[in-house]
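What you see below is based on every heavy atom in this structure, not just the backbone, and it leaves out hydrogens, waters and symmetry mates. Sequence lines set the chain letters: A, B, ... in the order given, protein chains first and strands last, and positions in each chain run from 1.
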2 protein chains.
Amino acid sequence: MTFHSDHTPPTPGQLRDRLAKAGLRATRQRLTILECLLQLPGHPTAEQVHRQVVAQVPNLSLGTVYKALDSFVEVGLTRRVASAEGSSRRYDADCSAHHHLICTDTQEIMDFHDSQLDTLLQEFFAQRNMPGFQAHTFSLHITGEKVAG
Amino acid sequence: MTFHSDHTPPTPGQLRDRLAKAGLRATRQRLTILECLLQLPGHPTAEQVHRQVVAQVPNLSLGTVYKALDSFVEVGLTRRVASAEGSSRRYDADCSAHHHLICTDTQEIMDFHDSQLDTLLQEFFAQRNMPGFQAHTFSLHITGEKVAG
DNA sequence: CTACATGCAAAGGATTTGCATATCT
DNA sequence: AGATATGCAAATCCTTTGCATGTAG
């Protein structure tokens, strides 16, 4: 069980590769945007990514961040994440199946990986007969509060 | 296990009661908005609720729908629903804990009630030690396709 | 060289806000 | 009567679009 994806910072070359494999041109802007998205905790909005990004490339525009994130989503490098609160879209660089911890106090959304839980769900739905629906992926939204510990 | 909430249409008096119990004034507008929200399938946007509502109260303004939905959410009569796609907020009159079936073909989001699944999750998290987080509600997002059957 | 990405500014859509008026309790 | 909700319009926020210019492949 882990609360976050691993944050081994990818080298510039690895970032370039990920874009190339996805069929996207590796521009300075996209490299920076992808890098920031990977290192930002939680599920940042375009605005939050932009704030991080301008530290490295000062006149990178917010419009470009929107366009880049859209292309990332289109090729499957990034996901749009469901969020009930707040009115901005949120993005997640982690495309592997995972669950979410949603803190009602801080509005934070944290990734949550738990293979035991995955197995439990797979087994449950293998037996559960759901006429009219063929399930294949599960994502659990766990609402609660962060506590000391 | 049920795919939808029951849609027994509440009487005007029941609607009034629900608002009163929630500590909200029962105005004609709110009664209509709540009624429409309950009878609309899926998870409508404020705009969709408004379209339904003006059929009954022609000059009820969209602003009022927003304000009413906000009050409903504040007192727990209604939920804001997480959605990754689209840029409008969606609302759900069903505040009982429930799960969602997301069809990748039609983009539909259907409510899904399953008390066995609820129990399974409660039991799992009662045993699972999650340092730093106090979980209380679970909502499973089940992605898949509608099939004949 | 050529297709595609960027930056900027303007447009568009969704939501919120302010305030005078109307309504519920 | 007094507190609160409504309607309308303006303001604000978030996101998309158009187009001239720059750059990767």
Open item on the list: Closest approach to the side chain of Arg25(B), judged atom by atom: which nucleotide of dG7(D), dA3(D), dG25(D) is it?
Closed with: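 Nearest to the side-chain atoms of Arg25(B), counting from C-beta on, is dA3(D).
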Could you pull out all residues at least two apart from [X] that satisfy side-chain contact (heavy atoms from CB on, under 4.5 Å)?
X         : value
Phe138(A) : Leu121(A), Gln122(A), Phe125(A), Ala135(A), Leu140(B), Ile142(B)
Val75(B)  : Ala22(B), Leu24(B), Leu77(B)
Gln48(A)  : Pro44(A), Thr45(A), Arg51(A), Arg90(A)

On a heavy-atom basis, which atom in [X] and which in [Y] lie closest, and how many Å separate them?
X         : Y         : result
Phe133(B) : Met110(A) : CE1-CE, 4.1 Å
Ala93(B)  : Leu38(B)  : CB-CD2, 3.5 Å
Ile33(B)  : Ala68(B)  : CD1-CB, 3.6 Å

Task: Short side-chain donor-acceptor distance under 3.5 Å, Gln52(B) and Gln39(B) - done: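 Yes.
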TODO: Any salt bridge (charged side-chain N to carboxylate O under 4.0 Å, His left out) involving residues 56-78 of chain B? Give me the pairs, sequence neighbours left out, ordered by first then second residue.
DONE: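 Of all non-adjacent pairs touching residues 56-78 of chain B, those that pass salt bridge (charged side-chain N to carboxylate O under 4.0 Å, His left out) are Asp70(B)-Arg80(B).
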Dump every N/O contact between nucleotides 10-13 of chain D and the protein below 3.5 Å, one line per pair.
none

- [ ] Name all pairs fulfilling the side-chain hydrogen bond (donor to acceptor under 3.5 Å, both in side chains) condition that reach into residues 22-34 of chain A, sequence neighbours left out, sorted by first residue then second.
- [x]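 Passing the test, one end in residues 22-34 of chain A: no pairs.
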Task: Pairwise side-chain hydrogen bond (donor to acceptor under 3.5 Å, both in side chains) hits with a residue in residues 127-136 of chain B, at least two apart - done: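 side-chain hydrogen bond (donor to acceptor under 3.5 Å, both in side chains) check on residues 127-136 of chain B returns Asp114(A)-Arg128(B), Gln116(A)-Arg128(B), Glu145(A)-His136(B).
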TODO: Would you give the length of the straight line joining atom OG of Ser71(A) to atom CG of Leu34(A), rounded to the nearest 0.5 angstrom?
DONE: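 Output value for this atom pair is 11.0 Å.
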Open item on the list: Measuring from atom CG of Leu31(B) to atom CG of Leu15(B), what distance do you get when rounded to the nearest 0.5 angstrom?
Closed with: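 Reported value, rounded in 0.5 Å steps: 6.0 Å.
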Task: Relative orientation of the end axes in the helix from dC1(C)-dG25(D) to dT25(C)-dA1(D), expressed as an angle to the nearest 10° (five pairs per end) - done: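 End-to-end axis angle: 50°.
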Rounded to the nearest Å, what distance is computed from the [atom1] atom of residue [X] to the [atom2] atom of nucleotide [N]?
X        : N       : atom1 : atom2 : value
Tyr66(B) : dA5(D)  : OH    : C1'   : 18 Å
Leu34(B) : dA5(D)  : CG    : C1'   : 16 Å
Leu60(A) : dT21(D) : CG    : C1'   : 16 Å
Leu24(B) : dT6(D)  : CG    : C1'   : 15 Å
Asn59(B) : dT6(D)  : CG    : P     : 12 Å

- [ ] Would you jot down, in residue-number order, the residues of residues 67-75 of chain A having a non-hydrogen atom under 4.0 Å from DNA chain D?
- [x]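 Going residue by residue through residues 67-75 of chain A, the ones with a heavy atom under 4.0 Å of DNA chain D turn out to be Lys67(A), Asp70(A).
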TODO: For DNA chain D, determine which residues of residues 44-53 of chain B have any heavy atom closer than 4.0 angstrom to one of its atoms, and list them numerically.
DONE: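 Going residue by residue through residues 44-53 of chain B, none turns out to have a heavy atom under 4.0 Å of DNA chain D.
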Task: Ring centre gap for His99(A) and His141(A) strictly below 6.0 Å - done: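 Aromatic pair excluded; centres sit 6.0 Å or further apart.
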Open item on the list: If we check side-chain contact (heavy atoms from CB on, under 4.5 Å) with Asp92(B), which of these qualifies: Thr78(B), Leu37(B), Val81(B)?
Closed with: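 With Asp92(B) as partner, side-chain contact (heavy atoms from CB on, under 4.5 Å) holds for just one option, Val81(B).
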Task: salt bridge (charged side-chain N to carboxylate O under 4.0 Å, His left out) involving Arg79(B) - partner list, sequence neighbours excluded - done: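 Arg79(B): no salt bridge (charged side-chain N to carboxylate O under 4.0 Å, His left out) contacts found.
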Open item on the list: Between Gln29(B) and dG7(D), is there a contact of a side-chain N or O with OP1 or OP2 at under 4.0 Å?
Closed with: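 Yes, because at least one side-chain N or O of Gln29(B) sits under 4.0 Å from OP1 or OP2 of dG7(D).
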TODO: Pick base, sugar-phosphate or nothing for Ser61(B), based on heavy-atom distances below 4.0 Å to the nucleic acid.
DONE: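 The answer is base, as Ser61(B) lies within the cut-off (heavy atoms under 4.0 Å) of a base atom.
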Open item on the list: Within the 4.0 Å heavy-atom criterion, would you say Arg28(A) contacts the bases, only the backbone, or no part of the nucleic acid?
Closed with: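 Arg28(A): no heavy atom of the nucleic acid under 4.0 Å.
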Open item on the list: Pick the closest DNA chain D nucleotide for Arg90(A) and for Arg30(B) by heavy atoms, then say which residue is nearer the 5' end.
Closed with: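 Result: Arg30(B).
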Open item on the list: On DNA chain C, does the nearest nucleotide to Ile33(A) precede the nearest nucleotide to Arg16(B) from the 5' side, or the other way round? Give the residue.
Closed with: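 So the residue in question is Ile33(A).
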Task: Donor-acceptor contact below 3.5 Å, side chain Thr64(A) vs main chain Leu60(A) - done: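 Side chain of Thr64(A) to backbone of Leu60(A): no pair is present.
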Open item on the list: Below 4.0 Å from chain B heavy atoms, what is the first contacting nucleotide of DNA chain C and what is the last?
Closed with: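 Footprint of chain B along DNA chain C, 5' to 3': dA14(C) to dT25(C).
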